[in-house]
Amino acid sequence: MAKFVQRQLSRLMGESLTASLMRGGSTVMGTFLANKALTLISAVLLARLLGTEGYGKYAFAIAILNLITIPAQMGVPRLSMREIARSCARSEWALLRGFRRRALQMSLISTIVGAVVIGGGIFVFSDGLEAFDAMTFAAALFLLPLFVGLALASSFLRGLRKVVHGNWPNNVLQPALFVVFLFAMAQGLSAPSAVLLNALSNAAALGVTIWLLVKYWPRETSAVEPEYRTSDWAKSLLPFSLLAGARLITQKSDIIMLGAMTSAASVGIYNIAIQAAALVAIPLSASNAVLAPNIARLHALGDMRGLQRLLTNTTMVVSGLSLIGCIILVGLGQWLLQLFFGNDFIGAYGAMAVLAVGQVINASAGSIGQFLSMTGHEKDTVKVIGGSAILNIVLNAILIPPYGILGAAIATSASLATWNIALSILLYRRLGLIAGPVGKFLAKRA
């Protein structure tokens, strides 16, 4: 599949865009494929070893932790990709050095506040959460600084256009180590101990990522005094933070609301549906990882035709691959669920099919959120995805009580389709870019 993607991108884009994309595109796709395969293996092991209830407690704790990472990260990783790519494109080494220092300072402070204030608050107000387990969540808090550190170091590398190096420690090394640890500690595994093993694998991935960052960080920064634009960066942080938060709420509100309104077993079954449907999203995830720094670079150079070509041609490849994955998953889903996870998880099929279709809709629009965010229109993206997150919560509240996990899947897919339609309109209004595969034909007529 990776070679197929490389051939198609070469054919569609031509030589002008291959310099940065072709060196890393197929390899990044490979890392995402490996990530999803390893994530599924770990999900199989966790589901088999913990059962529906134990796995549900584990998934619920991780979902809550992911929400805490929103204020802990403050949008710094996404801002870092844009600012580092810009500074490198313009050879602004003093500004680059200053940004790195401020980013590390802000991340450290926000992580401490997130762990103490928000983590402590969840313990106090956790009585109404049916799937909440205090020991499992306490273990999950050890993951918070590791999640934030990995996201920041990875975004630095991606901003430097070291996309592969920014992805493989987190996407391949970490889940691979986690699988090894699960096999080694399978006897008597519990939800809290599974979380701690996850933390250990993340710590190892963070160490490797930091080593790579030191290796590839521009040496020119060491010869200049740091320059700061703290007020400008601070103004951009809020929309980037809100953007990351809205995206994560859309992704995790279904699990959290299921955990609050149903049972740990329902959360466990639904999380398997999410893991399986995520396979359909691999092409878009790989595209987002490769495109982000290149979008910022092309926009900084004023190459709008290059941006349209980049958007259209990558969307054609991504949407086609996602459709193929959806057809396979829907056609063989029940058999695959029974084969890998057992009879207790066959009930995930309906939700999995709905989520897979939602991912195809998402892929058909392309990386439009990245194009808006990396070109200075992150505030517009925040408004749309924020509205989508609210819609997701409302739909979950309406659909979960009568339909359970199927209702959660419908709510998530509907909100995903809504945000893509709205973002496509904004993309045209702000940048004159046409989203989706049809952009190849409409852009020529415009």
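Remember, it's a predicted structure, so these values are computed and weren't measured experimentally.
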So, do [X] and [Y] sit near enough that their side-chain heavy atoms are less than 4.5 Å apart?
| X | Y | value |
| --- | --- | --- |
| Val357 | Cys326 | yes |
| Asp380 | Arg429 | no |
| Phe371 | Leu433 | yes |
| His165 | Trp168 | yes |
| Pro169 | Thr209 | yes |
| Gln370 | Arg78 | yes |
| Leu311 | Leu427 | yes |
| Thr39 | Phe178 | no |

So which atom in [X] and which in [Y] form the shortest heavy-atom distance, rounded to 0.1 Å?
| X | Y | value |
| --- | --- | --- |
| Ala47 | Ile272 | CB-CD1, 4.4 Å |
| Ala199 | Leu146 | O-CD1, 3.2 Å |
| Ala356 | Ala277 | N-CB, 3.8 Å |
| Val267 | Leu258 | CG2-C, 4.0 Å |
| Leu279 | Lys36 | CD2-CB, 3.5 Å |
| Ala281 | Gln359 | CB-OE1, 3.3 Å |

**Request:** Please test Leu431 against Leu307 for side chain to side chain contact (heavy atoms under 4.5 Å, CB included), starting from the C-alpha separation and ending with a verdict.
**Result:** CA-CA 9 Å; Leu431 297 171; Leu307 284 172; 5.6 Å; no
**Asked** Do any pairs count as a side-chain hydrogen bond (donor to acceptor under 3.5 Å, both in side chains) and have a residue in residues 269-282, sequence neighbours left out, and if so which ones?
**Response** Tyr55-Asn271, Asp254-Tyr270
Is there a donor-acceptor pair under 3.5 Å between the side chain of [X] and the backbone N or O of [Y]?
| X | Y | answer |
| --- | --- | --- |
| Arg158 | Asn167 | no |
| Thr312 | Arg309 | no |
| Tyr349 | Val330 | yes |
| Asn362 | Gly358 | no |
| Asn420 | Leu416 | yes |
| Ser388 | Ser415 | yes |
| Ser322 | Val280 | yes |
| Thr314 | Leu310 | yes |
| Ser193 | Leu189 | no |

**Message:** Pair Ile274, Met352 - check side chain to side chain contact (heavy atoms under 4.5 Å, CB included), show working.
**Reply:** CA-CA 6 Å; Ile274 292 175; Met352 180 190 71; over 6 Å; no
Rounded distance (nearest 0.5 Å) linking atom [atom1] of [X] with atom [atom2] of [Y]:
| X | Y | atom1 | atom2 | answer |
| --- | --- | --- | --- | --- |
| Ile282 | Ser287 | CD1 | OG | 13.5 Å |
| Lys57 | Thr52 | NZ | OG1 | 10.5 Å |
| Ile361 | Ser319 | CD1 | OG | 12.5 Å |
| Ser266 | Met261 | OG | CE | 11.5 Å |
| Ile405 | Ile269 | CD1 | CD1 | 6.0 Å |
| Tyr58 | Asp133 | OH | CG | 13.5 Å |

**Request:** Decide side-chain hydrogen bond (donor to acceptor under 3.5 Å, both in side chains) for Asn35 and Gln174; before the verdict, give the C-alpha distance in whole Å, the side-chain angles of both, and the deciding distance to 0.1 Å.
**Result:** CA-CA 9 Å; Asn35 174 262; Gln174 184 276 321; 5.5 Å; no
**Request:** Please report the C-alpha distance between Val76 and Leu152 in whole Å, then the side-chain angles of each, then the deciding distance to 0.1 Å, and finally whether the side chain to side chain contact (heavy atoms under 4.5 Å, CB included) criterion is met.
**Result:** CA-CA 7 Å; Val76 175; Leu152 186 61; 3.5 Å; yes
**Request:** For the pair Leu40 and Phe341, evaluate side chain to side chain contact (heavy atoms under 4.5 Å, CB included) and give the outcome as yes or no after the intermediate values.
**Result:** CA-CA 10 Å; Leu40 277 177; Phe341 299 99; 4.3 Å; yes
Name every donor-acceptor pair, under 3.5 Å, that has one atom in a side chain of residues 61-72 and the other anywhere in the protein, sequence neighbours excluded.
residue	atom	partner	partner atom	Å
Asn66	ND2	Ile62	O	3.2
Thr69	OG1	Asn66	O	2.4

**Contact list for residues 134-153, test ring pair (Phe, Tyr, Trp, His ring centres under 6.0 Å), sequence neighbours left out** =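 Found Phe123-Phe137, Phe132-Phe137.
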